[in-house]
Amino acid sequence: MVALDNEAVVAHTAGYSSLKIKFLLKFERVYMIIREIILFELSLFERELIIDLFFKGLSFREAGEKRGISKSTCFKLYKKIIAKIRDLLKERGIDFTFLDEDL
């Protein structure tokens, strides 16, 4: 399970309303869970594909070429990984229904 340092978050949010602090704490929790999923629940192949697509900005064609697969196969793998992340988030009580729109 992910441990959050709520006191540190509150210290950095001096002057924020309690509602905004509550939102930031929830956001921090979701961020930590997503980080945990990417680091520990995805395979190295899945993790590297997500990093290439989301953080390095590679296109599906470029990411596919890097792996020796077609653009369409890369896109299908992406959809499968996103569905896996969505399911893992749901298991942890976080429902991102907007991810369904991308599939």
Side-chain angles (χ1 to χ4, degrees):
M1 192 60 172
V2 177
L4 299 176
D5 185 0
N6 291 347
E7 291 179 19
V9 172
V10 172
H12 286 93
T13 57
Y16 288 4
S17 70
S18 61
L19 185 62
K20 190 167 190 174
I21 291 171
K22 187 176 179 180
F23 171 80
L24 290 172
L25 290 172
K26 284 182 181 182
F27 181 82
E28 178 73 9
R29 177 179 173 265
V30 170
Y31 167 80
M32 295 300 289
I33 291 171
I34 291 172
R35 183 175 178 267
E36 180 181 286
I37 287 170
I38 290 171
L39 290 174
F40 302 113
E41 301 285 342
L42 298 183
S43 70
L44 179 60
F45 180 87
E46 293 169 329
R47 187 168 47 248
E48 288 178 346
L49 182 59
I50 292 296
I51 288 169
D52 282 349
L53 293 170
F54 285 95
F55 299 104
K56 293 183 180 176
L58 269 62
S59 67
F60 290 107
R61 183 186 52 78
E62 294 167 327
E65 286 175 358
K66 184 175 176 180
R67 289 159 179 80
I69 59 176
S70 69
K71 174 184 171 181
S72 63
T73 300
C74 185
F75 183 72
K76 289 174 188 175
L77 289 170
Y78 155 79
K79 291 192 321 183
K80 190 174 180 180
I81 296 167
I82 292 298
K84 180 178 180 178
I85 292 170
R86 182 197 61 225
D87 293 343
L88 290 166
L89 286 168
K90 207 176 270 190
E91 286 176 13
R92 289 162 173 81
I94 301 168
D95 186 14
F96 281 117
T97 54
F98 70 87
L99 288 176
D100 292 333
E101 296 171 9
D102 291 338
L103 300 175

Mind checking whether [X] and [Y] have side chains closer than 4.5 Å, heavy atoms only?
X	Y	result
Ile33	Leu89	yes
Glu48	Lys66	no
Arg67	Asp52	yes
Ile85	Glu46	no

Between [atom1] on residue [X] and [atom2] on residue [Y], distance to nearest 0.5 Å:
X	Y	atom1	atom2	answer
Met32	Arg92	CE	CZ	12.5 Å
Glu65	Ser70	CD	OG	10.5 Å
Ser43	Ile81	OG	CD1	7.0 Å
Ile50	Leu77	CD1	CG	10.0 Å
Glu62	Leu53	CD	CG	9.5 Å
Glu36	Leu88	CD	CG	10.0 Å

I'd like to know if the side chain of Arg47 and the backbone of Leu42 have a donor-acceptor N/O pair within less than 3.5 Å. yes
Any side-chain to backbone donor/acceptor pair from Lys56 onto Ala63? Under 3.5 Å, distance only. no
Phe55 with Ile82, same ILVMFWY side-chain cluster at under 4.5 Å: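 Yes: a chain of side-chain contacts under 4.5 Å links Phe55 to Ile82.
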Within a reach of under 6.0 Å around CZ of Phe45, are more than 12 heavy atoms found that belong to other residues, nucleotides or ligands?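 Buried by this count: over 12 neighbours within 6.0 Å.
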Assess whether side chain to side chain contact (heavy atoms under 4.5 Å, CB included) is satisfied between Ile37 and Lys84, documenting all intermediate values. CA-CA 10 Å; Ile37 287 170; Lys84 180 178 180 178; over 6 Å; no
Assign the ring pair Phe60 / Phe75 to parallel, tilted or perpendicular, where the plane angle (0 to 90°) is split at 30° and 60°.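 Because their plane-to-plane angle is over 60°, the rings of Phe60 and Phe75 count as perpendicular.
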